[in-house]
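Working notes, beginning with the structure itself.
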Amino acid sequence: MTQRRILVTAALPYANGPIHLGHLVEYIQTDIWVRFQKLRGNHCIFICADDTHGTAIMIRARQEGRSEESVIAESKIAHERDFAGFDVAFDNFGSTNSPENEKLCGEMWQSIRAAGLVKEKDIEQLFDVQEGTFLADRFVRGTCPNAACGAKNQPGDNCSKCGSTYTPAELIDPISTLSGTTPEIRKAKHLFIELEQLHDFLDEWTKSDDHLQSEVLNYLKGHFLGDANSPEGRKTLRDWDISRPAPYFGFEIPDSPGNYWYVWFDAPIGYMASTVQWCERNGEQFDDWWRSDDTEIHHFIGKDITYFHTLFWPGMLKSAGFSLPKKVHIHGFLTVNGEKMSKSTGTFVKAETYLKHLDPSFLRYYYASKLGSRLDDIDMNLDEFAAKIDSDLVGKVVNLASRCAKFAVASGLSAEYPDDGGLFAQGAAAGDEIAAAYENCDYNRAMRLILELADRANPYIENAAPWTLKNDPDKAQQLQDICTIGLNLFRQIIVYLAPVLPRISEQTGELLGRPIESWDEAKTPLVGIPVNKFKHMIKRVDRKDLDAMIDESKDEEVTAPPTSQYNDSAEPLQTEPLAEQCTIDDFVKVDLRIARVLTADDVPEANKLLKLTLGLGGDETRTVFAGIKEAYKPDDLIGRLVVCCANLAPRKMKFGVSEGMILASGPGKADVFMLRVDEGGKPGQRVH
RNA sequence: GGGCCGGUAGCUCAGUUGGUUAGAGCAGGGGACUCAUAAUCCCUUGGUCGCGGGUUCGAGUCCUGCCCGGCCUACCA
């Protein structure tokens with residue numbers, strides 16, 4: 001087998017938050033792949049770094065009254081500690097805020113300039129005078145410019161009420177969330193990369209040589225590239241705004257003073273900069289890794305950053321003459337017990353918290369048993385988690401060693417490998433199929449295949465009954481032979497599991513006095529060597545530990561803000577900060593009335609709407625379309641008293657004219673909570 | 001609304017280019033063993049392959065319509 005040269009990256013974690021179980025899907029997935037490649041004898045390096053630039057870090061540093069460098073230094077220590085805790089072993093973990101990165105950004109930039117891809121445009125942006133900074137969309141809130149909507153306290157890029165999109169400069173009465181002051185509109189020069197110039201290249205690259213999973217190709221075609229042969233035709237790629245005016249935490253653009261590269265420009269270049277650091281430490285040449293057809297580059301990322309890694313990044317690499325990725329491996333998100341990770345239910349578990357309670361091998365094996373080569377989200381079901389570890393790892397795999405080793409300590413392994421009915425040979429033969437599954441990121445398949453080996457080994461031991469043989473001195477040889485077989489079958493399985501379970505691989509090495517270093521060791525049984533005393537390799541999952549982990553994850557959120565006796569979360573206020581102060585005059589403009597729901601009908605064509613007729617007493621009624629379909633059934637509403645805004649300008653909607661709004665809270669979808677009226681309230685009464 | 005992925009045993013999933021009687025693990029039931037971390041082994045219950053059409057000698061597999069779930073995207077509040 002010729003040795004492949006493989007450079008692997010995992011996405012750069014942002015230096016503004018802790019590593020959690022969701023991140024770990026990717027880092028464990030990637031680490032397994034890297035360990036597999038190394039075990040196969042390939043020259044493989046695993047490169048990562050902290051992603052350190054951008055507004056969010058700058059703001060946080062300001063709020064905490066310290067330097068950005070201090071924030072990211074602290075983050076790096078925490079990240080490296082967490083990764084090490086899960087046996088995620090990078091060959092180099094760098095930082096995008098490194099001299100190597102700045103230099104490479106400059107080189108990349110020059111090439112892109114030289115290729116004629118850069119153009120300048122003035123854009124209008126809101127500027128916070130007090131903070132002295134331009135405001136990214138998410139740091140502005142104001143009134144929706146859509147005249148028919150006029151919703152207050154909306155984010156800077158789109159309205160959560162009416163969904164219209166706009167620029168922050170178009171917002172009415174904008175407020176900076178940083179200072180609470182009113183920002184002013186300022187024009188600033190921005191630099192753009194005209195990606196459209198690379199359209200032909202991207203069409204070709206994305207569809208060729210299995211660079212991408214097929215679903216990803218479909219997605220890119222449908223949303224960005226288009227397809228000249230389809231009825232919709234080809235789409236035009238938008239220019240990419242890659243500069244930000246000062247102040248910005250990042251690298252200043254050398255030929256455009258006062259402007260900085262947008263974080264997404266320098267982040268992927270961080271893969272390269274981190275490689276430079278590794279090369280320097282190991283006496284290797286950077287060009288052998290990033291400018292060589294002999295090297296495969298594999299990126300592992302989550303589906304949220306598909307766009308950057310499958311269009312911009314290949315475009316940048318191509319323009320600057322670097323190697324293109326051989327494959328971008330994209331995975332889905334993590335859900336816990338079937339739902340998004342959530343702080344309130346304690347399923348938002350930080351890496352650090354997990355490690356206080358549970359063995360990292362558990363999570364590595366569990367993720368491996370769930371991960372396939374596609375972008376489906378994976379679900380971590382806590383019951384299944386416990387069952388899989390106990391049944392597969394403890395009961396079947398480790399138990400093999402546990403039940404054989406003690407009978408072999410005195411004798412060691414037989415001098416020759418005995419007849420085992422072909423079991424070891426079968427296991428050796430399965431190696432190629434297992435390897436193919438790993439190579440293709442079908443870890444769940446690999447785990448299934450490996451467990452089959454354990455399912456054959458246990459009955460063999462059962463029938464051979466070494467515990468009976470040990471009582472008969474005449475059968476000492478037979479006893480030694482059986483243990484030789486059992487321990488070799490065990491070791492074969494551990495060789496295959498070594499990428500997933502490095503600790504157990506190491507312990508197995510210690511048990512038999514031979515470290516596991518190569519995949520091919522699964523082809524040759526060990527003979528004539530001593531056996532050391534068996535030590536426990538893994539514990540069973542204790543439900544109490546799982547529960548404690550979840551509890552602790554809940555606690556953190558509750559104790560963070562000063563709490564009242566009700567433990568109300570601070571999250572809703574953070575999600576939607578308070579609007580600008582208003583006067584009583586402003587308030588009385590809004591005429592809120594109690595109303596009775598007279599009719600409530602489903603609007604079949606609408607996703608979210610119910611059509612309601614509200615009675616304000618007497619003959620006065622209002623027809624209102626309310627986005628509460630997923631939260632309420634029409635029949636449950638009829639007769640009920642609600643609070644509505646009765647003087648809202650009528651709004652023409654797809655399904656008719658809406659003449660008011662019902663007051664409700666909540667993020668939407670099924671989480672909508674209508675206001676109730678206490679006993680005695682009457683339709684038509686005004687709410688003051 | 002559009003795109004993608006999925007719907008197979010109580011649960012998690014395999015089912016190759018269409019080809020016998022649809023499989024595995026876990027869970028459940030019965031039994032055995034007691035070396036091993038209450039681990040293991042044997043036997044066993046369990047399926048309208050989401051639903052309806054179609055193609056075919058033959059459909060879990062191919063085509064089509066619909067239903068349901070997830071993700072993406074849009075519209076709409």
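Residue numbering restarts at 1 for every chain, and letters A, B, ... go by the order of the sequence lines. For clarity, every value in this text was computed on a predicted model and none was experimentally measured.
If you take CG of A:N218 and P of B:G2, they are 17 Å apart, rounded to a whole angstrom. Taking atom CZ on A:R540 and atom C1' on B:A36, their separation rounds to 11 Å, with Å as the unit. Distance, A:D383 CG to B:C11 P: 14 Å, rounded to whole Å. Across the protein-nucleic acid pair, A:K235 atom NZ and B:U73 atom P stand 13 Å apart, rounded to whole Å. Straight-line distance from the CG atom of A:N444 to the P atom of B:G25: 17 Å, rounded to whole Å.
Set against B:A36, B:U73, B:C26, the side chain of A:A387 has B:C26 as its closest nucleotide. Which of B:C35, B:U12, B:G25 sits closest to the side chain of A:K396 comes down to B:G25. Taking only side-chain atoms of A:E384, from C-beta outward, the nucleotide of B:U37, B:U12, B:A36 with the closest atom is B:U12. Counting only heavy atoms from C-beta on, A:D377 has its side chain closest to B:G70 among B:G2, B:C26, B:G70. Comparing B:C76, B:G25, B:A39 by their closest approach to the side chain of A:L609 singles out B:C76.
Taking the P atom of each, B:C43 and B:G6 are spaced 35 Å apart, rounded to whole Å. Taking atom C1' in both B:C57 and B:C67, one finds a spacing of 32 Å when rounded to whole Å. Taking atom P on both nucleotides, B:C41 is separated from B:G3 by 49 Å, rounded to a whole Å. Here, B:U16 and B:C62 have their C1' atoms 15 Å apart, quoted to the whole Å. Spacing between B:G31 and B:C13 at atom P, rounded to whole Å, works out to 33 Å.
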Taking only Watson-Crick and G-U wobble pairs with both distances under 3.5 Å, what dot-bracket line describes RNA chain B, where [ ] shows pairs that cross earlier ones and | shows pairs with another strand? (((((((..((((.....[...)))).(((((.......))))).....(((((..]....))))))))))))....

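A parallel orientation is assigned to the rings of A:Y438 and A:F36, their planes being inclined by less than 30° (bins at 30° and 60°).
For A:K327, there are no salt bridge (charged side-chain N to carboxylate O under 4.0 Å, His left out) partners two or more places apart in sequence or in a different chain.
Using a 4.0 Å heavy-atom cutoff across all strands shown, A:R448 reaches sugar-phosphate atoms only and no base atom. If you check every strand for non-hydrogen atoms under 4.0 Å, A:K406 touches sugar and phosphate atoms only.
For A:K303 and A:F333, the positive end sits near the middle of the six-membered ring, less than 6.0 Å away and at most 45° from its axis.
The minimum heavy-atom distance between A:F424 and A:Q492, with the atom names listed, is O-NE2, 3.0 Å. The nearest pair of heavy atoms linking A:F300 to A:E26 is O-OE2, 3.1 Å.
Less than 4.0 Å separates RNA chain B from at least one heavy atom of each of the following residues of residues 458-471 of chain A: A:N458, A:P459, A:E462, A:W467.
Comparing A:D392 and A:S214, the nucleotide of RNA chain B nearest to each residue sits closer to the 5' end for A:S214.
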